[in-house]
Engineer: 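Dumping the structure here so I can ask a few things about it.
Just so it is clear: chains get the letters A, B, ... in the order the sequence lines come, proteins before strands, and each one is counted from 1. Only heavy atoms go into these numbers, but all of them, side chains included; no hydrogens, no water, no symmetry mates.
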Amino acid sequence: MTDVELRTADPPSADEMEVAWRRVQLARHAQRPRMLDLVPHIFDDFVELHGDRAFGDDAALVGGPALLAGRAVMVIGHQKGTDTESNILRNFGSPHPEGFRKAQRLMRLADKLGLPIVTFLDTAGAFPGPAAEERGQAEAIASSIKLMTGLQVPIVVVVLGEGGSGGALAIGVGDIVLALENAVYAVISPEGASAILWRSKDEARTAAAAMRMTAADQVSLGVVDAIVPEPGEGAHTDHVATARALKAALLEALGSLSGVGTAALLSRRYARLRGMGAYLETGAPSSRPPEAPSLRRRLGRILHLPGVPRRRWSEVWPSDGADEQSEGGV
Amino acid sequence: MPIKFPFSRRSAPTNTWTKCPACDAQVFNRQLERTMRVCPSCGHHFRMSVGERIDLLIDRNTFEERDAGLEAVDRLGFVDDKPYADRLEAARIKTGLRDAVVWGTGRIDGQRVAIGIFDFRFMGGSMGAVVGEKLARCFETALAERIPAIVISASGGARMQEGTLSLMQLAKTTAPLERLDAAGVPFIAVLTDPTTGGVLASFASLGDVIIAEPKALIGFAGARVASGTVGEELPEGFQSAEFLLQHGFVDLVVPRAELRTTLSRVLQLLPVAPAADVTTEDERAWSPIGALSGFAERLGGAVSETIGIDVDADAATDGNGTGRQPATTGAAEQEERG
């Protein structure tokens with residue numbers, strides 16, 4: 001990543017803003033196919049499994065073994081609802097910790113039996129409520145990510161609708177990452193970015209474009225490997241055609257991974273993750289606290305004489321004593 | 001010629017007092033320095049800069065910074081109120097740091113470690129590609145040199161201005177931890193105020209031991225967002241270090257004055273595992289117990305040979321499942337033990 005595309009991009013044009021916002025709307029479309037809408041048309045059989053064996057069963061994250069062209073795989077993904085009632089049941093596709101822990105259980109099972117893993121990302125994000133905090137939402141995401149980095153089976157990830165930050169990445173660490181044409185992937189929702197960075201409720205469109213969240217942008221950033229085209233106006237117009245396109249893409253991706261030995265698979269996955277992000281190596285020297293060679297300075301230091309600097313790291317990077325507001329983190 | 005004053009003209013800021021946000025007391029800055037930036041009235045732990053953390057934790061003259069020259073790139077061409085490039089520049093001028101993390105090697109009570117430290121003053125300690133790269137290299141060095149890894153976190157989370165490249169840092173910093181597990185190298189996570197978002201949802205929650213500072217804000221979502229989802233008051237001490245301890249997500253809540261000692265003790269109690277390719281035989285031979293037990297075995301063997309007794313007559317079978325016969329002649333025993 002450091003060699004490629006280090007040139008700073010220009011801020012998005014008006015056209016790009018238009019396209020980005022349209023794609024966000026399509027990714028969130030009420031009739032866009034959910035994972036369970038597509039599963040019967042991609043897989044020959046599927047048994048949904050339940051529970052995290054510790055707390056409960058999260059309806060926002062579903063999974064189980066399936067047959068893809070006769071071959072057993074483990075399928076896992078976020079599941080939004082399709083109307084008010086089902087959305088409440090599914091918590092709008094935002095998992096609690098027990099959802100991610102169920103995913104971990106299923107992934108361990110896949111690892112045990114040598115089943116390739118296919119995941120579908122479609123969430124606004126991990127649920128941010130207090131109960132989720134109490135049950136360790138951050139730990140659940142972190143341990144899911146860590147588990148995926150070491151699984152000894154091929155993993156193919158499909159960004160289906162919204163790739164909502166950590167809640168998506170928790171089941172989104174893959175050897176190959178595909179995305180539907182109108183899918184989006186972001187570290188924070190455009191509304192969240194608008195509130196925090198623009199300090200306004202009305203800059204979601206600007207934020208969406210600035211974050212380069214479209215599938216095409218994600219390919220140029222190296223986060224997504226390939227785009228799966230959607231039928232007509234979008235996937236919502238034809239679930240079956242969308243499923244067919246996804247099936248073909250999955251078969252190709254899994255096919256390309258099937259010959260790879262475990263050691264090579266793991267080292268490729270590591271290298272892929274390791275290469276994410278753009279930075280410069282300026283070769284600037286390390287900092288050191290100031291030297292004190294002279295006797296006067298050494299005595300001055302011991303006797304705390306005025307005007308003699310102490311050899312401390314806190315003087316290399318001095319604190320101005322003020323606590324700061326957060327400016328950029330989520 | 002400038003007049004020399006009898007008192008010290010420090011390069012410190014002109015405000016000599018700091019107001020404690022927890023108890024409103026005015027604290028003299030020099031006193032705050034002596035108390036390791038802990039309020040002497042109420043014990044509120046102020047945030048620390050990277051330099052202050054190094055002085056607090058690392059043995060004098062042992063810290064060597066690594067990868068100091070890594071710099072962020074505005075890969076997205078991100079402009080909110082200000083261009084990202086401008087924000088970076090402002091942060092560099094304000095703090096003297098190149099980015100929000102400094103990493104290097106050093107010693108804590110003589111024990112060598114690879115340590116990464118966040119500075120919240122640099123863009124809220126947010127994690128972008130440079131922070132991720134430094135931490136990944138810190139973990140990889142711990143792995144290669146077989147020394148414990150420590151990360152002192154202080155962060156608002158992933159850096160929004162780098163988009164999903166920041167999100168991917170969660171995976172990039174977590175992947176090496178799998179390798180540390182396999183290699184038997186411990187990782188200690190220290191969570192300071194605040195540790196939130198994508199940083200908490202990656203390496204910070206994955207320490208073999210997780211230590212938090214008292215009353216540190218540690219949480220995934222912002223508190224306002226959290227309470228908005230339920231439309232009601234949050235529980236007492238929500239997202240504090242003590243709350244996490246109660247709910248099972250940190251090991252220890254340690255006051256700053258005891259942090260260095262605690263780290264030193266934990267490092268001694270959870271040392272790096274012996275490297276896998278050292279044979280048990282060699283290990284035993286060189287340790288005092290090993291030498292003694294080796295000698296005792298040989299002595300016992302010599303005695304039993306001499307007097308013709310098989311000292312293992314009680315054991316019904318040996319490893320192969322065949323019965324061991326009581327000894328008859330010394331020669332036969334020697335052959336069996338072979």
Engineer: Please walk me through it: do B:M168 and A:V223 pass side-chain contact (heavy atoms from CB on, under 4.5 Å)?
Structural biologist: CA-CA 8 Å; B:M168 291 304 129; A:V223 171; 3.6 Å; yes
Engineer: Compare every heavy atom of B:L165 with every heavy atom of A:A278, then report the nearest pair and how far apart it is.
Structural biologist: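 Heavy atoms of A:A278 and B:L165 come nearest at N-CD1, 4.4 Å.
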Engineer: Could you tell me which portion of A:Q218 (side chain, backbone, both or neither) has an atom closer than 4.5 angstrom to a non-hydrogen atom of chain B?
Structural biologist: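 For A:Q218, the contact with chain B is made by the side chain alone.
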Engineer: Would you indicate whether the side-chain heavy atoms of B:E178 and A:L266 approach each other to under 4.5 Å?
Structural biologist: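 Contact flag for A:L266/B:E178 side chains = no.
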Engineer: What parts of residues 124-135 of chain A touch chain B if we use heavy atoms and a cut-off under 4.5 Å?
Structural biologist: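 Heavy-atom contacts from residues 124-135 of chain A to chain B are A:A126, A:F127, A:P128, A:G129, A:P130, A:E133, A:E134, A:R135.
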Engineer: Would you say B:R75 and A:L221 make side-chain contact, with heavy atoms under 4.5 Å?
Structural biologist: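 Yes, their side chains come closer than 4.5 Å.
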Engineer: Parallel under 30°, tilted from 30 to 60°, perpendicular over 60°: which one fits the rings of B:F63 and A:W313?
Structural biologist: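 It falls in the perpendicular class, over 60°.
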Engineer: Heavy-atom pairs under 4.5 Å with chain A - which of B:G128, B:P83, B:G219 has more of them than the others?
Structural biologist: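 Highest number of heavy-atom pairs under 4.5 Å: B:G219.
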Engineer: So what's closer than 4.5 Å to chain B heavy atoms on A:I188: side chain, backbone, both or neither?
Structural biologist: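 Contact with chain B: side chain only.
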Engineer: Indicate yes or no: at least one non-hydrogen side-chain atom of A:Q137 is less than 4.5 angstrom from one of B:L200.
Structural biologist: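 Heavy-atom side-chain distance check fails, nothing below 4.5 Å.
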Engineer: State, to 0.1 Å, how close B:A158 and A:V187 come at their nearest heavy-atom pair, and which atoms those are.
Structural biologist: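 Of all heavy-atom pairs spanning B:A158 and A:V187, the closest is CB-CG2, 3.7 Å.
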Engineer: Is any NZ, NE, NH1 or NH2 atom of the basic residue among B:R137 and A:E281 found under 4.0 Å from an Asp or Glu carboxylate oxygen of the other?
Structural biologist: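 Yes.
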Engineer: Can you check whether B:L70 reaches A:T282 side chain to side chain, under 4.5 Å on heavy atoms?
Structural biologist: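 No - every pair of side-chain heavy atoms lies 4.5 Å or more apart.
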Engineer: Regarding B:R179 and the six-membered ring of A:Y270, is the cationic atom NZ or CZ under 6.0 Å from the ring centre and inside 45° of its axis?
Structural biologist: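 Judged by the rule, B:R179 and A:Y270 form a cation-pi pair.
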Engineer: Do B:D81 and A:R199 come within less than 4.5 Å of each other through their side chains, counting heavy atoms only?
Structural biologist: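 Yes, close enough: below the 4.5 Å cut-off.
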Engineer: Could you tell me whether the side chain of B:L167 reaches within less than 4.5 Å of the side chain of A:Y185, counting heavy atoms only?
Structural biologist: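 With C-beta onward as the side chain, the pair touches.
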Engineer: Is the backbone of A:M276 close enough, under 3.5 Å, to the side chain of B:K172 for a donor and an acceptor to pair up by distance?
Structural biologist: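 Answer holds: yes.
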